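Just so it is clear, the model here is predicted, and its values are computed rather than measured.
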Amino acid sequence: MNAQNVAQAYAVAKERYAAIGIDTEKVLEQLQNFHLSMHCWQADDVKGFEVQAGALSGGIQSTGNYPGAARNIDELRKDILKAKSLIPGTHRLNLHELYGDFQGKVVDRDEVTPEYFQSWIEWGKENNTKLDFNSSSFSHPKSGNLSLANPDKGIRDFWIEHTKRCRDIADAMGKAQEDPCLMNVWVHDGCKDVSVNHMLYRSLLKDSLDKIFAEDKKYMKDSIEGKVFGIGLESFTVGSHDFYTAYAAKNNKILTIDTGHYHPAEIPGDKVSAVLNFVPELMLHVSRPIRWDSDHVTIMDDNTQDLFSEIVRAGAMDRVHYGLDYFDGAMNRVGAYVIGSRSAQKCMLRALLEPREAMSKYELEDRHFEVLALYEEAKAMPWGAVYDEFCVRNNVPVGDEFIPEIQKYEATVTNLR
């Protein structure tokens, strides 16, 4: 798109937003400081790089067999950098433990140490990419249906040790990058059919978490994530939303809101103001569920827009960490990165451009016609021109111009794999 046309459209948008009290230059500055944590597992369908890797299991599933998935650490890094080059702004990378640089060595998950992520730390520094981290309780012979909640002490201790070591890795990452590494704990634990030991499993999970978090870390932050159910574990989830919300509130931990981990009629955005009264911060895993936790590529749907709007309305942008979490193997994986990331940015932009002060004033005056009128009119404001200007300032393709870039990368790189 012609840069002059973008500038002209932005000038008109800037004037129109100024008329309703919105400073678009301030908004662009806020958007520049909005950092997504891109998820490494989109590039290879959650396979990872363990020498002893098995099939994906543990209540999750990646679908699709589009050609060109990353097969090793170099290909994955190359795909991520290509995606980042087409997304305006500066963004982080979220790693799972099974993506370590194991150099052909068999390293079980209770043996992992920071040395296997040193090359990631160096790569992050070289590419202006700060790292976040996750423990990995799935796709392992000792996963089964229960990990941290397993009544078998040997298995439970294995996963406790794994998660402790992951915290050590996250701490090393945070220290090296001079910025806290956020480490998320999610386990798939649950039951496929009727069970009668719910209290036992949850007591064991609580005890495991207490042991894991017993040692304070200086350079990392802990987040914990609940879920409704997992594939093959449909009847009961040990780490439910109630469980983790209560644990986070009591223990001052960051609570993770994954937009795919709720019943279809629930609105994830409504949870922001509810839980921020009781927990210090939130972590987001933003995806697009279709009737279940299907992790489709994030788009500008109502739930995503509402989620970001609620964060801005709550004045909580500095209390929320923004991660993506989808793994679609049915389409070009680099393209999926770009679509999801840019869509999340657009939702945040629209939230920042909302005339919330005027809307809030009207609402507190019990003038609901005016609130609804502004709410609807904001949808038709020229926010797209502001995003185009944001792309130009970050020297990335405007509009759909990223499509041929990805097609070229597919023809010359991923199709040759």
Side-chain angles (χ1 to χ4, degrees), residues 1 3 5-39 83-94 128-130 132 179 182 259 269 272 281-286 297-324 337-359 378-402:
M1 186 177 295
N5 291 341
V6 172
Q8 291 173 345
Y10 173 67
V12 173
K14 182 177 180 180
E15 184 177 346
R16 288 194 62 190
Y17 276 109
I20 60 172
I22 304 295
D23 182 348
T24 57
E25 287 297 313
K26 180 181 178 181
V27 167
L28 286 172
E29 182 179 341
Q30 290 175 298
L31 195 60
Q32 195 70 48
N33 291 320
F34 170 64
H35 309 295
L36 292 167
S37 192
M38 295 171 61
H39 52 312
K84 281 170 63 69
S85 74
L86 302 173
I87 303 164
T90 304
H91 304 291
R92 304 169 72 95
L93 180 66
N94 198 5
N128 192 28
T129 303
K130 293 177 180 177
D132 294 316
D179 188 77
L182 192 79
T259 56
V272 172
E281 299 173 69
L282 292 177
M283 175 68 192
L284 302 184
H285 279 184
V286 184
V297 178
T298 299
I299 61 173
M300 294 181 65
D301 57 9
D302 289 344
N303 275 346
T304 307
Q305 185 61 65
D306 182 70
L307 176 63
F308 286 102
S309 294
E310 281 297 306
I311 293 167
V312 174
R313 292 166 187 165
M317 285 189 67
D318 60 346
R319 294 178 61 193
V320 180
H321 305 270
Y322 307 89
L324 301 174
Y337 268 134
V338 177
I339 293 169
S341 300
R342 289 171 70 126
S343 294
Q345 285 183 315
K346 291 172 184 176
C347 286
M348 177 55 77
L349 173 63
R350 288 183 61 188
L352 291 168
L353 290 169
E354 183 180 70
R356 57 192 176 279
E357 291 185 10
M359 293 169 66
K379 296 177 181 179
M381 289 289 285
W383 61 268
V386 182
Y387 189 76
D388 288 346
E389 176 69 12
F390 183 61
C391 289
V392 168
R393 294 187 185 189
N394 282 273
N395 197 31
V396 302
V398 176
D400 61 2
E401 290 176 352
F402 65 83

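- Among residues two or more places apart in sequence or in another chain, the side-chain contact (heavy atoms from CB on, under 4.5 Å) test is passed with Asp179 by Arg92, Lys130, Gln177.
- Taking CG of Leu353 as the start and CG of Asp23 as the end, the distance is 10.5 Å to the nearest 0.5 Å.
- Atom NZ of Lys379 has more than 12 heavy atoms from other residues, nucleotides or ligands within 6.0 Å.
- Under the 4.5 Å side-chain criterion, counting only non-hydrogen atoms from C-beta, Lys84 is not in contact with Tyr337.
- For the pair Tyr10 and Thr24, the minimum side-chain heavy-atom distance is below 4.5 Å.
- Across all their heavy atoms, Thr90 and His35 have their closest contact at O-ND1, 2.6 Å.
- You'll find the side chain of Leu282 stays beyond 4.5 Å of the side chain of Ile311, heavy atoms only.
- Aromatic ring pairs are classed by plane angle as parallel below 30°, tilted from 30° to 60° and perpendicular above 60°; the pair Tyr322 and Phe308 is parallel.
- Across every non-hydrogen atom of Met317 and Leu352, the tightest pair is SD-CD2, 3.5 Å.
- For the atom pair OG1 of Thr259 and CG of Asp301, the computed distance is 8.0 Å after rounding to the nearest 0.5 Å.
- The environment of Glu15 atom CD is sparse: at most 12 non-hydrogen atoms of other residues, nucleotides or ligands sit within 6.0 angstrom.
- With sequence neighbours left out, Lys14 forms a side-chain hydrogen bond (donor to acceptor under 3.5 Å, both in side chains) with no residue at all.
- Considering Leu93, Ile87, Asn94 as possible partners of His91, the one that fulfils the side-chain contact (heavy atoms from CB on, under 4.5 Å) test is Ile87.
- Sorted by first and then second residue, the side-chain hydrogen bond (donor to acceptor under 3.5 Å, both in side chains) pairs with a member in residues 383-392 read Gln345-Tyr387, Glu389-Arg393; sequence neighbours excluded.
- The 12-atom threshold is not exceeded at CD of Glu29, counting heavy atoms of other residues, nucleotides or ligands nearer than 6.0 Å.
- The side-chain contact (heavy atoms from CB on, under 4.5 Å) check on Glu281 picks up Lys221, Ile254, His321, with sequence neighbours excluded.
- Heavy atoms only, all atoms of each residue included: Cys347 and Thr304 are closest at SG-CG2, 3.7 Å.
- The 12-atom threshold is not exceeded at CG of Asp302, counting heavy atoms of other residues, nucleotides or ligands nearer than 6.0 Å.
- When all heavy atoms of Gly399 and Phe402 are compared, the closest pair comes out as O-CD2, 3.2 Å.
- Counting non-hydrogen atoms of other residues, nucleotides and ligands closer than 6.0 Å to CD of Glu357 gives a total of 12 or fewer.
- Under the side-chain contact (heavy atoms from CB on, under 4.5 Å) criterion, Ser309 pairs with Gln305, Arg313, Ala351, sequence neighbours left out.
- Closest heavy-atom contact between Met348 and Leu31: CG-CD1, 4.1 Å.
- Under the 4.5 Å side-chain criterion, counting only non-hydrogen atoms from C-beta, Arg342 is in contact with Pro88.
- The side-chain contact (heavy atoms from CB on, under 4.5 Å) search around Met381 returns Arg16, Tyr17, Ile20, not counting sequence neighbours.
- Across all non-hydrogen atoms, the minimal contact from Leu324 to Ala344 is CD2-CB, 4.2 Å.
- The CZ atom of Arg356 sits 6.0 Å away from atom CD1 of Ile22, with the distance rounded to the nearest 0.5 Å.
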